[in-house]
Amino acid sequence: MSILKNLLTDLEKLKNPAKAKVLAGFFKTDKGEYGEGDVFWGITVPKQRIVVRKYFQQISFEDLQYLLRQNVHELRFSAVATLVLKYQKGDLKEKERVAKFYLRNSKGINNWDLVDLSAPQILGDYFFAKDKTILYKLAKSKNLWERRIAVLATFWFIKNKDFSDSLKIAEMLLFDKHDLIHKAVGWMLREIGKRDKKVETKFLDKFAKKMPRTALRYAIEKFSKEEREKYLKMC
């Protein structure tokens, strides 16, 4: 059997219909919701990771592309988790190959868990010391998930004490129509504040009156009660 068939067989054995129903609700798969059309097999993340680690070195990019085009969430998750491992374990040439593949196949990275798992680890690391024009292009995309990829990629920069691009992209997306972007922006602002609170408060002093309340609540989550009340009154 091929590597792909082996991986699919291993995952199919782990199907859990009861868990699948719960996940379908959690990831908003009903008509009109952000996860519409997503199908779940009900496999937990730890179990998926075990399967991924078994095959990540051998599976081809062609097979990964196949998985990313499936409507089964766990298949796309397995592909994304594989890409992260290939990137982390690869040399510079492999890292470049993974990053470019990721960008070409971003349409398959289409739920928040897939984005959050991979965007910092792959694009964040890859573009940290490179031109970041592509991230600003993604931030302007009509595709919700590409915009979230742009935001989450900057998490890697934040962890390395580089806040400038994260702040610029946060400002670009501050008035996005989707709450998943509001949450992502607020989350990144909070992460900046963990490392340099003055940088975060300077941003909030400028935008708190206008920014979405969800983004603000995420941003000030670690503040004192008095500080939270101050900013919430501004909103």
Side-chain angles (χ1 to χ4, degrees), residues 23 25-30 32-36 45 106 109-129 131-235:
L23 290 173
F26 182 73
F27 283 97
K28 309 295 183 184
T29 60
D30 285 343
E33 294 184 315
Y34 65 75
E36 180 180 354
V45 169
S106 61
I109 304 164
N110 56 357
N111 216 313
W112 59 264
D113 61 325
L114 308 183
V115 173
D116 299 0
L117 164 69
S118 59
Q121 301 294 336
I122 296 175
L123 296 191
D125 178 76
Y126 184 72
F127 286 110
F128 181 61
D131 179 83
K132 300 172 180 62
T133 301
I134 186 63
L135 297 184
Y136 289 88
K137 182 178 179 180
L138 290 172
K140 295 177 182 178
S141 173
K142 293 180 180 180
N143 182 288
L144 163 65
W145 306 115
E146 289 187 342
R147 299 198 303 278
R148 189 168 173 110
I149 285 171
V151 179
L152 265 294
T154 70
F155 197 0
W156 188 270
F157 310 159
I158 293 170
K159 289 179 178 179
N160 286 276
K161 305 293 181 65
D162 184 349
F163 310 134
S164 59
D165 292 290
S166 189
L167 292 169
K168 289 175 184 175
I169 290 176
E171 185 174 349
M172 286 174 63
L173 293 172
L174 205 55
F175 307 107
D176 194 275
K177 294 180 180 179
H178 208 290
D179 71 333
L180 284 175
I181 300 300
H182 302 167
K183 292 175 181 178
V185 167
W187 176 16
M188 291 305 101
L189 291 173
R190 184 175 73 235
E191 292 298 331
I192 290 172
K194 288 180 182 179
R195 294 156 177 86
D196 193 327
K197 191 171 181 179
K198 288 183 179 179
V199 173
E200 182 187 5
T201 55
K202 182 179 179 181
F203 185 95
L204 294 178
D205 289 343
K206 183 177 180 180
F207 294 108
K209 291 181 180 180
K210 301 179 287 184
M211 66 192 292
R213 199 170 183 85
T214 298
L216 180 59
R217 283 190 176 279
Y218 269 65
I220 63 176
E221 190 176 88
K222 299 298 182 180
F223 284 15
S224 68
K225 181 180 178 182
E226 292 73 22
E227 289 174 312
R228 292 197 304 272
E229 289 177 349
K230 168 193 167 183
Y231 283 107
L232 288 171
K233 286 177 181 179
M234 294 171 63
C235 185

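Since the structure is predicted, the reported quantities are computational estimates derived from the model, not experimental observations.
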Can you list the residues that meet the salt bridge (Lys or Arg N to Asp or Glu O under 4.0 Å) rule with K197, with sequence neighbours excluded? E227

State yes or no: are the ring centers of F27 and W112 separated by less than 6.0 Å? yes

Quick one: which of D113, V115, I109 gives a side-chain contact (heavy atoms from CB on, under 4.5 Å) with N111? D113

For A139 versus A150, what's the shortest heavy-atom pair and its separation? N-CB, 3.6 Å

If you round to the nearest 0.5 Å, how far is CG of L144 from OH of Y34? 9.5 Å

Point-to-point distance, once rounded to the nearest 0.5 Å, from CG of L117 to CG of L152: 10.5 Å

In terms of side-chain heavy atoms, does D131 have a donor or acceptor partner in T133 at a distance below 3.5 Å? yes

D125 meets the salt bridge (Lys or Arg N to Asp or Glu O under 4.0 Å) criterion, sequence neighbours left out, with none

Quiz item: cation-pi between K230 and F223, 6.0 Å / 45°: no

By side-chain contact (heavy atoms from CB on, under 4.5 Å), which residues pair with K225, not counting sequence neighbours? R228, E229

Between D196 (side chain only) and I192 (backbone N and O only), is there a donor and an acceptor less than 3.5 Å apart? no

Can you name the closest pair of heavy atoms from G193 and E200 and give their distance? CA-OE1, 3.0 Å

Donor-acceptor pairs under 3.5 angstrom involving side-chain atoms of residues 164-179: please list them, not counting sequence neighbours.
{"from": "S164", "atom 1": "OG", "to": "D162", "atom 2": "OD1", "distance (Å)": "3.2"}
{"from": "D165", "atom 1": "OD1", "to": "Y136", "atom 2": "OH", "distance (Å)": "2.6"}
{"from": "S166", "atom 1": "OG", "to": "T154", "atom 2": "OG1", "distance (Å)": "3.1"}
{"from": "D176", "atom 1": "OD1", "to": "R147", "atom 2": "NH2", "distance (Å)": "3.1"}
{"from": "D176", "atom 1": "OD1", "to": "H178", "atom 2": "N", "distance (Å)": "2.9"}
{"from": "D176", "atom 1": "OD2", "to": "R147", "atom 2": "NE", "distance (Å)": "2.6"}
{"from": "D176", "atom 1": "OD2", "to": "R147", "atom 2": "NH2", "distance (Å)": "3.3"}
{"from": "H178", "atom 1": "ND1", "to": "L180", "atom 2": "N", "distance (Å)": "3.1"}

Residues in salt bridge (Lys or Arg N to Asp or Glu O under 4.0 Å) contact with E191, at least two apart in sequence or another chain: K194, R195

Starting at CG of L123, measure out to CD1 of I134 and round the result to the nearest 0.5 Å. 8.5 Å

Please report whether the ring centroid of F155 lies less than 6.0 Å from that of W187. yes

Value rounded to 0.5 Å, distance of OG in S106 from CG in N143: 6.5 Å

I158 and F163 have their tightest heavy-atom pair at O-CE2, 3.7 Å

Donor-acceptor list for residues 202-220 side chains, cut-off 3.5 Å, not counting sequence neighbours:
{"from": "D205", "atom 1": "OD1", "to": "Y231", "atom 2": "OH", "distance (Å)": "2.7"}
{"from": "R213", "atom 1": "NH1", "to": "L232", "atom 2": "O", "distance (Å)": "3.4"}

